[in-house]
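Everything on this sheet refers to the single structure shown next.
By convention in this document, chain letters (A, B, ...) are assigned in the order of the sequence lines, proteins followed by strands, and residues within each chain are numbered from 1. Only heavy atoms go into these numbers, but all of them, side chains included; no hydrogens, no water, no symmetry mates.
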2 protein chains.
Amino acid sequence: MATSTLGFALLGLLARKPRTGYDLTQAMRQPIGYFWSASHSQVYPELAKLEAAGYVNHSVIDGPGPRDTKRYTISAAGRHILAEWAAKPAAPATARDEFLLKIYSLWLVEPARARELIRAQRAAHQAQLEHYEQIAREVESEQIDRLRDPTTPEFSSYATLRRGLSFERHARDWCEWLLGALAADPEPARSADSPG
Amino acid sequence: MATSTLGFALLGLLARKPRTGYDLTQAMRQPIGYFWSASHSQVYPELAKLEAAGYVNHSVIDGPGPRDTKRYTISAAGRHILAEWAAKPAAPATARDEFLLKIYSLWLVEPARARELIRAQRAAHQAQLEHYEQIAREVESEQIDRLRDPTTPEFSSYATLRRGLSFERHARDWCEWLLGALAADPEPARSADSPG
DNA sequence: TAGCACATGTAACTCGTTACATGATTTG
DNA sequence: CAAATCATGTAACGAGTTACATGTGCTA
């Protein structure tokens, strides 16, 4: 009964603090959602599997709705397999970038439309970069000490944040380069009509 | 009968030149494989769907084995939907980076083992970077003219290559930063023993 | 009182991976 | 002659998305 990657994502969250399935689903949008995602329909069955394997436990707390509200806690065994999994090299990821796939066929698109597409993508990267920069300012001012200690969860979170910052910068800059390459727009056949 | 992303990957390859299902499967490892991948068991059924939709045609050519060898060619309709798809913004991709997920739980790993993990990752990025640099040198010396014209397939391929170069550099540099952060290794409890 | 946040589940479907299956041609 | 390459398919399974289903408590 091997734990799935999603299981390790959930354990990674529960290793920081106990949460409900609902909380975990929310967390799969924002902190962890930057590098792994899942919907609630995946989370609840996965929690059941983790509990069957002895990696988490739950206690019933008061809450709304027709069913029990369950707060999940990681077990010692859960913490242990999580640490073991984290220390082993990740399997080479199969890249899936739909945007790059579009770029691969961009030569079929009129340069004007292509520029529109890239501008939108650049804006998206810029916005995400600013979002990360905001978070970075906050954690850097509030948790300076813990960010330096690699045995704190804050260190790990900060490391992933730095990666996000770096990624968005490189992606934005590449869009910038591509816009420049599209703007040059030599179109040899019409060179007599072009202004520059 | 909406064409899947894999379908557009295959059309993107066929828009450059006709190929067999086998050729396409190989291409899903190397040129396109850098940002999209698929195994032959996905490729063959997808080709049948594309043909049913009128986006590709095949002709039987001589070849080995118990079944016909088919060479697929993109149709005018196929070229058209491919260009339309490429011009429209990509749906925000759900990030799935198992390595970053491990980093998120790296605080549970002994710093010595953590450094080992990051060093291996850095080496992988460095190797991939050098591979891309080799390809870049080749295409830059052989196809300088076409690389400047955004209506050539060479331009599109080169744009994705530049993205690969930029990505690997940023990823390697981030590993470098993380190694530095792990090497500092303050371990406050032992501060009396530490040199700094 | 309408809508949203909280809270948990199942079902149907699509996408992707791994394994099963066959067989000719070329190269060592 | 053994192994790799060329070449095409199907089947079983797992992972992920979307839709279905239910119901409370708070706020506008």
Side-chain angles (χ1 to χ4, degrees), chain A residues 1-10 18-30 32-33 35-53 56 58-72 90-98 101, chain B residues 1-10 18-30 32-33 35-53 56 58-72 90-98 101:
Chain A
M1 196 206 284
T3 303
S4 69
T5 307
L6 171 60
F8 289 115
L10 298 178
R19 294 173 214 238
T20 66
Y22 186 87
D23 291 337
L24 289 165
T25 302
Q26 299 308 110
M28 292 308 294
R29 295 183 175 280
Q30 275 289 319
I32 272 206
F35 39 91
W36 205 266
S37 62
S39 52
H40 79 274
S41 65
Q42 261 190 297
V43 168
Y44 291 110
E46 188 64 34
L47 281 170
K49 281 183 202 166
L50 289 173
E51 184 152 45
V56 301
H58 82 262
S59 59
V60 175
I61 58 174
D62 64 317
R67 276 173 288 267
D68 283 344
T69 294
K70 303 171 186 173
R71 172 182 283 127
Y72 286 88
T94 47
R96 296 204 178 278
D97 191 324
E98 197 185 348
L101 205 53
Chain B
M1 194 207 285
T3 303
S4 69
T5 307
L6 171 60
F8 289 115
L10 299 178
R19 295 172 212 238
T20 66
Y22 186 87
D23 291 338
L24 289 165
T25 303
Q26 299 309 108
M28 292 309 292
R29 295 184 174 279
Q30 275 289 317
I32 272 205
F35 40 90
W36 205 267
S37 62
S39 51
H40 78 274
S41 65
Q42 261 189 299
V43 168
Y44 291 110
E46 188 64 35
L47 281 170
K49 282 183 202 166
L50 289 173
E51 184 152 46
V56 301
H58 82 261
S59 58
V60 175
I61 59 174
D62 64 317
R67 275 172 289 266
D68 283 345
T69 294
K70 303 170 185 173
R71 172 183 284 127
Y72 286 88
T94 49
R96 295 203 179 279
D97 191 325
E98 197 185 348
L101 206 54

- Message: So, using side chain to side chain contact (heavy atoms under 4.5 Å, CB included) as the criterion, who are the partners of A:T20 when residues are at least two apart?
- Response: A:Y22, A:D23, A:I61, A:T69

- Item | Residues which pass side chain to side chain contact (heavy atoms under 4.5 Å, CB included) with B:P45, listed by chain and number, not counting sequence neighbours | none

- Note on the structure: Applying side-chain hydrogen bond (donor to acceptor under 3.5 Å, both in side chains) to B:Q42 and not counting sequence neighbours gives none

Please list each protein N or O that sits under 3.5 Å from an N or O in nucleotides 5-8 of chain D, with the distance.
unit_1	atom_1	unit_2	atom_2	d
D:dC6	OP2	B:Y22	OH	2.7
D:dT8	OP1	B:K70	N	3.0
D:dT8	OP1	B:K70	O	3.4
D:dT8	OP2	B:G21	N	3.3
D:dT8	OP2	B:Y22	N	2.7
D:dT8	OP2	B:Y44	OH	2.9
D:dT8	O2	B:R67	NE	3.1
D:dT8	O2	B:R67	NH2	2.1

- Task: Apply side-chain hydrogen bond (donor to acceptor under 3.5 Å, both in side chains) to A:S41 and list each qualifying residue two or more places apart in sequence or on a separate chain.
- Result: A:S39

- Query: Could you state the interatomic distance from CZ (A:R19) to CG (A:L47), rounded to the nearest 0.5 Å?
  - Reply: 11.5 Å

- Query: Considering residues at least two apart in sequence or located in another chain, which fulfil the ring pair (Phe, Tyr, Trp, His ring centres under 6.0 Å) criterion with B:Y44?
  - Reply: none

- Any residue meeting side-chain hydrogen bond (donor to acceptor under 3.5 Å, both in side chains) with B:E51, in chain and number order, not counting sequence neighbours: B:H58

- Task: Can you check whether any acceptor in the base of D:dT18 is under 3.5 Å from a donor in the side chain of A:S41, or vice versa?
- Result: yes

- Item | Segment of DNA chain C, first to last nucleotide, that comes within the 4.0 Å heavy-atom reach of chain A | C:dA5 to C:dT17

- Five pairs at each end of the helix from C:dT1-D:dA28 to C:dG28-D:dC1: take the axis at both ends and give me the angle between them to 10°. 30°

- Exceeds 12 heavy-atom contacts within 6.0 angstrom, atom CZ of B:R71: no

- Query: Between A:Q42 (CD) and D:dG14 (C1'), how many Å, whole number?
  - Reply: 11 Å

Pairs under 3.5 Å (N/O, protein and nucleotides 26-28 of chain D):
none

- Message: Just to verify, what does B:S4 make a side-chain hydrogen bond (donor to acceptor under 3.5 Å, both in side chains) with, not counting sequence neighbours?
- Response: B:E46

